Amino acid sequence: MSKRNLTILLANPRGFCAGVERAIEIVERAIEKYGPPVYVRHEIVHNRYVVEALQDKGAVFVEELDEVPDGVPVIFSAHGVPKVVPAEAERRKLLYVDATCPLVSKVHREAERHHRDGRQIVLIGHAGHPEVIGTMGQLPEGSIVLVESADQAESLEVEDPKRLAYITQTTLSVDDTVGIIEVLQRRFPKISGPKKEDICYATTNRQSAVKAIAERCDALLVVGAPNSSNSARLVEVARKLGCERAMLVQRAADVDWSALADIDVLGITAGASAPEVLVEEVIAACREHFDVGIEEVTVTSEDVVFKLPRMLTAPAAA
Ligand code: SF4
C-alpha cells in the first residue's frame, strides 16, 4: 500500500544551544581529567538521553550536595545554583566545576548589582524551576520576589516603587514576558530593567523559528523533555499561532501516530537541551508511516560558543 505524502517543515535554529553544549563538554572533560566517577548535582541539562549517555561515561547524578562523597569532583548544572551550594562545597573542600550557562550567570550579576544599589527585585519566571531557585538563591531571602504572570504583576505589592528592578528567567515565552513587563512598567514607571529582557538568544531564536512555520503546519512536534522550560514554551508558541496539534515528545516512541493520521504538513523542532540525534530518530519514524519530503525553514544562524572553565582547559602542572 502506498504511503500518504507528508511535508516536514524543520525549524532552524532548533536543539542544542551554546550553554547546553558547554555543560555537556564540562562533564565529559571532567571525567577525562579526573577519571570516573564525577558527580553532577541535578540533571546537567533537562534531557534523559543526554543524562544517560553521560552516566555511561562515568557521571553520577544526584539531587543534593550531601549525596556527594568526600574527595570526588562535583559539577553544578547549566541552570545555576544558589550561593549556598558552592559555599558548602568549599566548606567540604570538594573540587567543583560550575557549568552554569554564562547567560544565567549574567542574570545573577544583574540581580547582585540591583541589590547593591538598594533595589527590590522582581524576577519574572516559573516557580520551582532550577534556574529560578538558583537566581533567587544569589541574594538573601526576601530580596527577590517572583512574578509568574501578568495577573500577578497587576496585584504585586512592593516595598518602594521608586527602588525597584526586574530580571527574567532566560527560557520564558518572549511574548508573554513582554506582557508582564508592560504591566510592571505601567504600575511602577521608575522600575529598572535590562535593555532587553534576559531571555537568551537560543530561546528567542527557537521561538522565532516555530513562529515562522506554525501557521503552515497541521501538527507540530517539539522534541524535548517535560521538565524543559524552553521546550514547553515552544509548544505554547505554536498553539497560540493556531497549530492546536502541537505536542511535546521525548523521542520517536512517544509520537501519537493516530493524532497525525490525517495531516499533510508536520512541523518539527527541538528544545535547547534536546540532541539532534533525537530529531533524526523522529524523522526516521515519520518515514516509516509517510512518504516524507523535508523543507528546512531557517530564520537566523547561530555562532555563539562559550569558553570552558580554565580548570578544564589548562594543561596539568608538571
Ligand atoms: S537555553 Fe539559553 S540560558 Fe539556557 S543554557 Fe541555553 S543559552 Fe544558556
Side-chain angles (χ1 to χ4, degrees), residues 11-29 40-51 54 61 75-82 97-111 123-126 128-138 166-177 194-211 222-237 248 269-276 278-279 299-309 312:
N12 187 13
R14 64 178 176 278
F16 275 4
C17 61
V20 163
E21 302 246 22
R22 174 178 181 269
I24 294 169
E25 198 173 347
I26 285 174
V27 179
E28 289 173 343
R29 292 235 188 174
V40 184
R41 183 185 175 276
H42 280 179
E43 281 191 334
I44 185 78
V45 300
H46 281 153
N47 191 279
R48 273 316 308 155
Y49 180 91
V50 171
V51 165
L54 291 172
F61 291 85
I75 295 169
F76 304 146
S77 82
H79 310 99
V81 287
V97 190
D98 188 353
T100 303
C101 175
L103 298 182
V104 175
S105 302
K106 179 173 149 274
V107 180
H108 292 177
R109 287 196 300 273
E110 270 172 60
L123 168 62
I124 303 172
H126 297 293
H129 189 278
E131 182 184 324
V132 165
I133 294 169
T135 299
M136 294 188 84
Q138 298 306 302
Y166 73 85
I167 56 176
T168 79
Q169 193 180 332
T170 57
T171 52
L172 300 177
S173 150
V174 174
D175 298 337
D176 292 353
T177 306
K195 282 197 192 71
K196 210 177 145 288
E197 1 71 10
D198 302 302
I199 298 172
C200 76
Y201 80 97
T203 300
T204 307
N205 291 346
R206 279 146 195 71
Q207 288 177 22
S208 299
V210 164
K211 286 180 188 173
V222 177
V223 181
N227 55 350
S228 157
S229 170
N230 78 87
S231 303
R233 302 294 82 76
L234 293 174
V235 173
E236 288 171 8
V237 166
L248 190 68
T269 186
S273 43
E276 183 66 9
L278 297 182
V279 173
V299 295
T300 186
S301 59
E302 294 178 342
D303 55 7
V304 179
V305 180
F306 295 129
K307 279 194 206 142
L308 292 171
L312 294 177

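These figures come from a predicted structure and were not determined experimentally. For ligands, and for the atoms within them, numbers begin at 1 and follow the listed sequence. One is the number of the first residue; the rest follow in order along the sequence.
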Going by distance alone, is a donor N or O of one side chain under 3.5 Å from an acceptor N or O of the other, for D98 and T100?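 Short answer, yes.
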Going by atom types only, do R233 and S229 share a side-chain donor-acceptor pair under 3.5 Å? yes
What protein heavy atom is closest to [atom], reported as residue, atom name and distance in Å?
{"atom": "atom 4 (Fe) of ligand 1", "value": "T170 OG1, 4.0 Å"}
{"atom": "atom 2 (Fe) of ligand 1", "value": "C200 SG, 2.3 Å"}
{"atom": "atom 6 (Fe) of ligand 1", "value": "C17 SG, 2.2 Å"}

When you compare the side chain of V107 with that of L103, does any pair of heavy atoms fall below 4.5 Å? no
Going by heavy atoms in the side chains, are Y201 and T300 under 4.5 Å from each other? no
Atom 8 (Fe) of ligand 1 to C101: any N/O/S contact under 2.8 Å? yes
